[in-house]
Amino acid sequence: MRFLFLLCLKILEPEEASLLPPRPSCSITTGLLVTGCLLLVLCGAWLLGTMFWLHGPSNQHLIPEAWRFDCYPERGVVVTKELCEARNCCFIPASSPSSSATRPPGRNGIPWCFYPLDFPSYSLVSIEDTSMGQKAKLVREVKTYYPADIFTLELDIRHETDTRLHVRITDPSNARFEVPISVPTATKKAENPQYTVELSKDPFGVIVKRRSTGAVVLNTTVAPLFYADQFLQFSTSLPSQFIYGLGEHRSTFLHDVHWNTLTMWARDVPPMEKTNLYGVHPFYLAVENEGNAHGFFFLNSNAMDVVLQPAPAVTWRTIGGILDFYVFLGPDPGSVVEQYVDVIGHPAMPIYWALGYHLCRWGYKTSDATWEVVKSMRNYKIPQDVQWNDIDYMSQYMDFTFDSTNFATLPDLVKDLHTHNQRYVMILDPGISSTQPQGSYWPYDEGLKRGVFIKDAEGKTLIGKVWPGLTAYPDFSDNVTHEWWYDNLRRFHEKVPFDGLWIDMNEPSSFVDGSTNGCPSNSIENPPYTPGVLGGLLRGKTVCASAQQKQSLHYNMHSLYGLLEAKASASALKRILAKRPFVISRSTFPSQGMYSGHWLGDNRSQWKDLYTSIAGMLTFNLLGIPLVGADICGFSEDAQEELCVRWTQLGAFYPFTRNHNSIDTKPQDPTAFSPLAQTAMKQALLLRYSLFPVLYTLFHHAHVHGHTVARPLMFEFPKDVKTYGNDKQFLWGKGLLVTPVLEAGVDYVNGYFPEGLWYDYYTGDSVSSKGEELRLGAPLDKINLHLREGTVIPTQTPNLTLWVSSGQPLHLVSALSGDGSATGDLFWDDGETIDTYETNQYAYIIFNKTMTSQVLHNNVEASNITVESATFYGVKEKPSKVLVNSKDAHFTYRANQVLTVDDLELKLSQNFTISWM
Ligand SMILES: *[C@@H]1O[C@H](CO)[C@@H](O)[C@H](O)[C@H]1NC(C)=O
Ligand SMILES: *[C@@H]1O[C@H](CO)[C@@H](O)[C@H](O)[C@H]1NC(C)=O
Ligand SMILES: *[C@@H]1O[C@H](CO)[C@@H](O)[C@H](O)[C@H]1NC(C)=O
Ligand SMILES: *[C@@H]1O[C@H](CO)[C@@H](O)[C@H](O)[C@H]1NC(C)=O
Ligand SMILES: *[C@@H]1O[C@H](CO)[C@@H](O)[C@H](O)[C@H]1NC(C)=O
Ligand SMILES: *[C@@H]1O[C@H](CO)[C@@H](O)[C@H](O)[C@H]1NC(C)=O
Ligand SMILES: CC(=O)N[C@H]1CO[C@H](CO)[C@@H](O)[C@@H]1O
C-alpha cells in the first residue's frame, strides 16, 4: 500500500515532470495509473484531478520506473540514447543511483531503455469459440528489432478444469519445437471455472482474473508480445510481490522482485546467487492480497530469462519453442502445487530405504576404506540405510567399471550391506570414454554400433571431456539409448549388485566448452539474443547448442538432459530389480519427480549454506520433487564439528538425507567426531527414524495427491503475512514444525509460531501463540520440534535400519486442539513393490478425535504391526478412567496435561477406540 502511494506521488513530482521525453509514446495513460492507484482512497481525489488534467493539453506522464519493461536486455552493452532509439524505445536514465546503463552479467537494475506504451505488438484480428474455449488469430504489422518475426500466430485458450487454464500461442504455418513431456489432454470445457478470461484486442493481451475476488492474476497487456524465431517474450503484472518457485536458483525462498533476473539453462556450477544452476523450472507460485494463491507454468525448455520487477511484474524471455502456459487458481498454495503436478506428473512413491540415512564422500580411497566407515557406523549404533560411492570406485573414472585394485572388494562390501539390510548406491556420469582400445570397453563400442551418442552439427559423434578424459554423450531422447543404458546397467549389476543410482554431471557437463572441435559459428550457437547464462555462451561447460539429438537440436533439448537420463535410469532399475527405482539426479526439469529425487549440489561447509538449504528444499517441494536434500555438513571445505551437528539435525528433516563430502577434506561422517557430537548426531538420526511412518505417509500423499512433504509455513497459514518470508523453519506435512539452529555458538533459537496452540514434541508442554516469535532453548544436542494443535502422528521405535524398524510397534502422539480434537493418518505397504497404491496392496488408517482408528483400506498384512502406546498432549484434566475398546486401561497423567496409555497391544488392522472420562 505504502509503495503504491509513493508511486502516485512520484508521478506528480514536478522535477520528474520536467524530465518528460519529447516522444509522447514514452508517457503513460490513465489505465496504468488507475491500476496503480485503484486500492487507494488517497489516490481517489488525485485521480479526479488527473482525469480533468488528462483532458487538458498536456496528457503526458512518465511511466513509473517500476513499470519500465526493458527494451535493451542485451548484456555487456552500454545502452546509449542512439542505440535505444534505434529500437524505437524510450531512453531515460533512472533516478536510482544503483541503476546503470551497462549490464555486466548477473547484475541488473532499472532499465534506461524501455518500451513506449505504443510499441508495436500483435493485435487480435479474429476469434472463434471452440469446444474447449476460444481460438484466435494474432497479427503483427510492424517488424521488431530481432530477425524472423512470425507475423501471424494462433492463440488457443483451453478451459481445462475449473482451476486450470491452458494457453498456447503457436505458428500456424510451421511446426516449432515443443517440450516432449506428456501433459493431460482435457476433452471437456470446465463448467464452473474459478477464473475469467478477457482478451485485449489491440494491443493483444490475455487478462485472467480470479472470479471470486476479481484479483488480476495475469495481464499480458502490460508490455509488447514478441514472437520471433529466436526471441519470444511476454510480460504480466503480478498481484503482489510474493512470488516463489522459479528454480533452480540459490536465493531466499521468497524471491526479490527488485529487478531480479533469473536465468534458466542447465549448468554445472556450485550454487551461487544470480546464476543459472543445474535444473530448470519455469513455474512460480504467487500470493494475492487476500491470501489466495495461484500458479503459472511456462512449458518451455529453451534458454530463458525470467525478470522480476517491482511493479510487480514478470517478463518471460525465451529463445525458442512456443508460448505454452498454464494458470492454476489454487486457491490455497497447496492446491496450486497439486494442480501443477497434475500437469507435469506426480512424484514417485519412494522405496522405503530412500528415506533412511545415506552416507557418501568423494575420496574414499578404497572399497575397504568405504567398508570401514560402514562398520564403524554399526559399531557406534548410528542408523544408516545406504552407503554410496562417488567416482573413486571406477576404473579410470569410466562408467560401468570398478577399479579392480583399490575397489577389489566392492562386490563383497555390497553383499555385506545386503546381509545387514543396507543398500548400495553409486555414481554414474553420462560421459562415456571414447578413447579406449577398440574391443576393450563395451559401453562405447556398443554405443557407437547402436548410434546412441549425440552428434555434432556435421553428424559425427560429438566429443567432450569429463572425468575419464575424452567422452561421447548418450542421447537419452532416443529410445535406442534407453535400451543400451539398460544393457550396461544389467551387465554391471551382475558384478556389483547395486540398489540405486546417483546420476551426476547431467546438465550435461563438459570440461571443454562445446566440443574438442569447438562449435560452428551460426545463429544456433550465437543467437540474436542470449539470456544471462553464466559465461555468456550457451555452450559454456556443456556440448554445442548445435549438436544433434534424436528429438531435436541440443539448443532445444539441453535442459531436458537430466530428465531424460533419469527416465532411462528409473526404467532400467525397474527392469533389473523389479522394485521401486531409486535415482538421485543433479539436473532436473518439470516432471522429474516421477523418476528421481534431487540433491542441491556441491556446496560448502559453511553456516550460510546450511541456511540456504532450507529454501532449496522448500522450492523443490513446490516443483513436484519432494525427495530432496542438501549435502549434510556441506560438500567442499572441512566441516567444523558444531556446524556438522547442527546440519545433521536439520538434515534429519530433509526428505532426502545424505551426508556427502569432497575429496581432500576431513572425514565428516558421524563417527569422525567427538563422543558428544556423535551422540547428538545419532539422536537426530534416531529421531528421524522414529518419525519414518509420518514421512512415509507424507510421501504417499505427495505421490497420490501432489502434496508437499517439507512444507513452508505459508502453505498452512496463507493469510498470515508473517509466514511469507519465513525460510528458517518449515513443517513436515500440516503439523510437525521444525526450528533448526542456523548459526554458530548459540544455545537458543528464535522461531515464529503462527496463531494457535503448539506443543513441544518432546515434553508435550504447550504454548499458545498469537502469531509471535518465541525464543527456544537449543543446546547442541537438541533440534526444536513442535506439534500443531489438531495433529496425530504415528511414530515407531527406531532401529539402525528402516527395514528392521518397519516391523516395530507404533506409538501414537496426539496434539489436541482447543476443542479436544485431532486427526492423522498412516499409509502402510511392503515398502518396495511398484505401484502398491495403484494395485491395491496397501493399508490406510486414519486416527480421529479421541481416539478412533479407522482402517479404511487393508490389503496388506498389517496385522503383525501393533500400536503399543498412545500419548495425548493437551488433556486439560486428569481422567478418572481411560477406556480402550470399552475396557478399562492403565494410564499415566502428567501435570503438563499429558496423558499416556501404555501396553495397548492393539492390532493396527482393526479399528479401535481410546476414550476417557
Ligand atoms: C492490463 O494492463 C493494461 C496495460 O497496462 C491496463 O491498461 C489494463 O487496465 C490492465 N487490466 C487490468 C484488468 O488490470
Ligand atoms: C519410445 O518409447 C516410448 C515408451 O516405451 C514410446 O511411447 C515411444 O513411442 C517410443 N518412441 C520412439 C521414437 O520409438
Ligand atoms: C534393533 O532390532 C534388533 C532386532 O530386532 C534388536 O535386537 C535391537 O535391540 C534393536 N536395536 C535398537 C536400537 O532398538
Ligand atoms: C508379518 O506377518 C507376515 C505374515 O503374517 C510375515 O510374513 C511377516 O514376516 C511379518 N512381518 C514382520 C515384520 O514380522
Ligand atoms: C475423521 O476425520 C476425517 C478428516 O480427517 C473426516 O473426514 C471423517 O469424517 C472423520 N471421521 C469421524 C468418524 O470423525
Ligand atoms: C473400520 O472403520 C471403517 C470406517 O468406519 C469401516 O469402514 C470398517 O468396516 C471398519 N472395520 C472393521 C474391521 O470394523
Ligand atoms: C563449492 C562452493 O563453494 N559453492 C558455492 C556455495 O555457495 C556460495 C554462495 O553462497 C558460492 O559462492 C560458492 O561458490
Side-chain angles (χ1 to χ4, degrees), residues 4 7-8 11 25-40 43 47 50-51 54 59 61-69 90 114-124 165 195-225 234-240 286 288-289 294 309-315 327 823-826 828 840 842-849 851-863 865-867 884-886 906-914:
L4 291 173
L7 186 99
C8 299
I11 294 158
S25 56
C26 296
S27 64
I28 189 167
T29 58
T30 35
L32 203 53
L33 289 179
V34 173
T35 313
C37 293
L38 206 54
L39 302 167
L40 285 167
C43 276
L47 271 175
T50 312
M51 299 292 191
L54 279 169
N59 64 347
H61 309 271
L62 282 181
I63 293 177
E65 287 181 344
W67 283 94
R68 292 182 177 185
F69 289 92
C90 305
F114 53 98
Y115 301 114
L117 291 169
D118 57 358
F119 190 90
S121 185
Y122 287 81
S123 55
L124 187 152
L165 177 72
Y195 46 84
T196 61
V197 184
E198 294 156 37
L199 297 174
S200 159
K201 283 200 169 147
D202 194 11
F204 160 73
V206 184
I207 294 148
V208 180
K209 291 181 185 159
R210 180 181 299 283
R211 193 185 283 277
S212 60
T213 61
V216 180
V217 301
L218 192 81
N219 182 354
T220 70
T221 321
V222 296
L225 168 66
F234 63 101
S235 305
T236 173
S237 58
L238 291 167
S240 81
E288 298 149 36
N289 289 325
H294 67 266
Q309 64 187 74
V314 56
T315 295
V327 184
T823 62
D825 62 355
L826 175 68
W828 206 254
N840 258 323
Y842 67 96
Y844 182 69
I845 296 126
I846 60 169
F847 309 105
N848 268 30
K849 289 266 169 190
M851 152 70 78
T852 308
S853 114
Q854 293 167 302
V855 182
L856 297 191
H857 198 96
N858 187 21
N859 267 15
V860 291
E861 196 48 71
S863 57
I865 298 169
T866 56
V867 175
V884 176
N885 288 337
S886 323
L906 291 166
K907 279 192 166 36
L908 194 61
S909 56
Q910 284 165 15
N911 296 344
F912 59 81
T913 303
I914 305 171

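Note: hydrogens, waters and symmetry copies are ignored here, and every other heavy atom, side chains too, is used. Numbering of ligands and ligand atoms starts at 1, following listing order.
- Between atom CG of residue Leu124 and atom OG of residue Ser200 there is a gap of 8.5 Å, rounded to the nearest 0.5 Å.
- Distance CG/Asp825 to CG/Leu856: 9.0 Å, rounded to 0.5 Å.
- Applying the side chain to side chain donor-acceptor pair (under 3.5 Å) test to Thr236 and every residue at least two apart in sequence or in another chain returns nothing.
- Protein residues with a heavy atom under 4.0 Å from ligand 6 are Gln854, Val855, Leu856, Asn911.
- Looking only at side-chain heavy atoms (C-beta outward), Thr220 and Leu225 stay at 4.5 Å or farther from each other.
- In this structure, Trp828 CH2 and His857 NE2 are separated by 16.0 Å, a value rounded to the nearest 0.5 Å.
- The shortest N or O to N or O distance between Lys209 and ligand 1 is not below 3.5 Å.
- By the side chain to side chain donor-acceptor pair (under 3.5 Å) test, Ser235 pairs with Thr315, sequence neighbours left out.
- Atoms of ligand 1 lying under 4.0 Å from at least one heavy atom of Asn219, given by number and element, are 1 (C), 2 (O), 3 (C), 8 (C), 10 (C), 11 (N), 12 (C), 14 (O).
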For residues 212-219, which side-chain donor-acceptor pairs fall under 3.5 Å, sequence neighbours excluded?
unit_1	atom_1	unit_2	atom_2	d
Thr213	OG1	Ala215	N	3.1
Asn219	OD1	Thr221	N	3.0
Asn219	OD1	Thr221	OG1	2.8

